[in-house]
Amino acid sequence: MVEPSRRNEPRRRLMSSHNRCWIWGRNVVLETLRAGRWPIVDLMIGSRVAVLLRNEVVRLADRNSVPVIEGTDQELTKACRSEEHQGFAARMAPYPCLKLPEFLRQLPATPAITLLDRLQDSFNLGAIIRSASSLGIDGLIIGEQEQSEINSQVARSSAGAVNHLPIARTSSLTSAIHEFRDRGFQIVAASEKATMSIFEADLRKPTVIVIGNEGRGIHADLLALCDVSVSIPMSGHVGSLNAAVAAGILFYEMRRQRSTQAPSRTRHKSE
Amino acid sequence: MPLLLKNPNSVHAALLTRPEDVLELRLAPGKTSPKWSEIAELSRGRGIPIRTNLAPADNRRSGQKTERTGGSIALVNERPDRLVDELFAELPETSGLWLALEQLQDPHNVGAIFRTAAFFGVRGIVLTRDRSAPLSATVYDVASGGLEYVPFAIVPSLTRAMTLATERNIRVIGTSEHASKALGAVPQNQMTLLIFGNEEHGLKRTTEEKCDELVRLVPQGAIESLNVSVAAGVCMSRLAANGSK
């Protein structure tokens, strides 16, 4: 494969190692290109891709100064190391997480935020981002320690939602929580051990929902800063919920409460 | 063919519910996690063979694709499926929830749904046979024990299950992105058969037509819909016996 020329352009940093900086698949690549949030280093398109779609890709790529390389299916497979590319593969720069101040500036009124404490599984992180985006969560905060990066797998399991949900990364989750507390947010811990059910909690106020590590739950230092702990009531006899499923149930309940019982809020024009 | 299970939670559940089907334990060399130690203890009491003299590369040589290379594993027989009639034979006095999965193809989704179903006390799951993820070791491991607690039937089509449900006054609710009714508008605490369709194409049209009602979860948003295992979790939490008010 011939390297595309990058005149007058410094060499860009990649998301991950040379081999792991690719995203692939028609939907994820198109979504990423259209959203224009996550910088693409260069893009490969399969020679079998239909002309109309190819023209759109080239136009979008041009607008963002992304070099486009045409290749055979085999060449794409070799580059992204997957046969499931459907003729689309892109080499990515690191994901542009927001800084907390930027994140805070763009929040709507009465925000619903989720903060993840050391989520290690990329499948779970991607699924949580997808659910958050679909269920109207206003943004997500992650830390730096023991935290899955926003990588290729996350992009895929989020079904492209990484391009839409505001995501901030902070070196200190505790100071982030302090910041939200100072701004009048209630901090809600999701914990299997909590006695209060999510259905009893009032999630209509400005809220940060804290979701903990898959195995160990929420760190004690963070838990101490939470106003209330809630759990999803078990109605079977055994088991536990996967972190992504639990997050989806929490987000849905938050949204349900906000859309069905909001007596104090003024009605939005479009409703 | 026995399954090679890697998740200690799925092995533990099998040991508790059907120890006769746990054929052998292979403990990885080195330090054993507390969960696997507990499993070894239980197995010893049951006279299940335990192998500990495994070379670290054992998994690699057997050609098994493993996430935790060289981790402990157990050989467990598949859990037998039931007849669809059996799933609906004993009706609960008040509310109860059943699921039907039509051509779900991702074993992670099927496993995750079983795990959530056990948590919410689902009475049974009906799965289609064709173009569906088989109940492989991955499904058992992702279910984290859920497959041992929720009875299931494997069927050529969902027609009979839907007819049986209707005959027994169990309402049949399909999930569809195109439905106009929201999940939140469905009355709770009733006997319900909930149906989920293929990850990409959703429910077959013929299946949709036979549902008493179709519901959707998400009114709008940049991303078309939720992952099916998350969607199923949301529906179960809403419609399970002790769900929200």
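As the structure is a prediction and not an experimental result, all values here were calculated from the model. Each chain gets a letter, A, B and so on, in the order its sequence line appears, and its residues count up from 1.
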Whether over 12 other heavy atoms sit under 6.0 Å from A/R20 CZ: no
Given B/G121, B/A232, B/A143, B/A112, the one with more heavy-atom pairs under 4.5 angstrom with chain A than any other is B/G121
Separation between CG of B/L226 and OH of A/Y252, rounded to the nearest 0.5 Å: 10.0 Å
Any side-chain heavy-atom pair of B/F120 and A/L241 under 4.5 Å: yes
I need the residue from B/V150, B/V234, B/V122 with the largest number of non-hydrogen atom pairs under 4.5 Å to chain A. B/V234
Are more than 12 heavy atoms from other residues, nucleotides or ligands located less than 6.0 Å from atom CD of A/Q106? yes
Which bit of B/Y149 is near chain A, if near means a heavy-atom gap under 4.5 Å: side chain, backbone, both or neither? side chain
To the nearest 0.5 angstrom, please state how far the CG atom of B/N9 sits from the OG atom of A/S240. 7.0 Å
What do you reckon, is CZ of B/R46 surrounded by more than 12 foreign heavy atoms closer than 6.0 Å? no
Value for CZ (A/F123) from CG (B/N227), rounded to nearest 0.5 Å, stands at 11.0 Å
Residues A/I249 and B/S237: closest non-hydrogen pair is CG2-OG, 3.5 Å
For B/Q105, is the CD atom crowded, meaning more than 12 foreign heavy atoms sit under 6.0 Å from it? yes
Measuring heavy-atom distances to chain B, does A/S131 have an atom under 4.5 Å in its side chain, in its backbone, in both, or in neither? both
Identify, with sequence neighbours excluded, every residue that meets side chain to side chain donor-acceptor pair (under 3.5 Å) alongside A/R216. A/E146
Can you establish whether the number of heavy atoms outside A/R81 located under 6.0 Å from its atom CZ is more than 12? no
For side chain to side chain contact (heavy atoms under 4.5 Å, CB included), just list the numbers for A/F251 and B/V230, CA-CA rounded to whole Å, side-chain angles, deciding distance to a tenth of an Å, and then say yes or no. CA-CA 11 Å; A/F251 299 162; B/V230 174; over 6 Å; no
Does CD belonging to B/E90 count more than 12 external heavy atoms closer than 6.0 Å? no
Tell me, side chain or backbone of B/T116 under 4.5 Å from chain A's heavy atoms, or both, or neither? both
Can you list everything that forms a side chain to side chain donor-acceptor pair (under 3.5 Å) with A/E149? Sequence neighbours excluded, please. A/R169
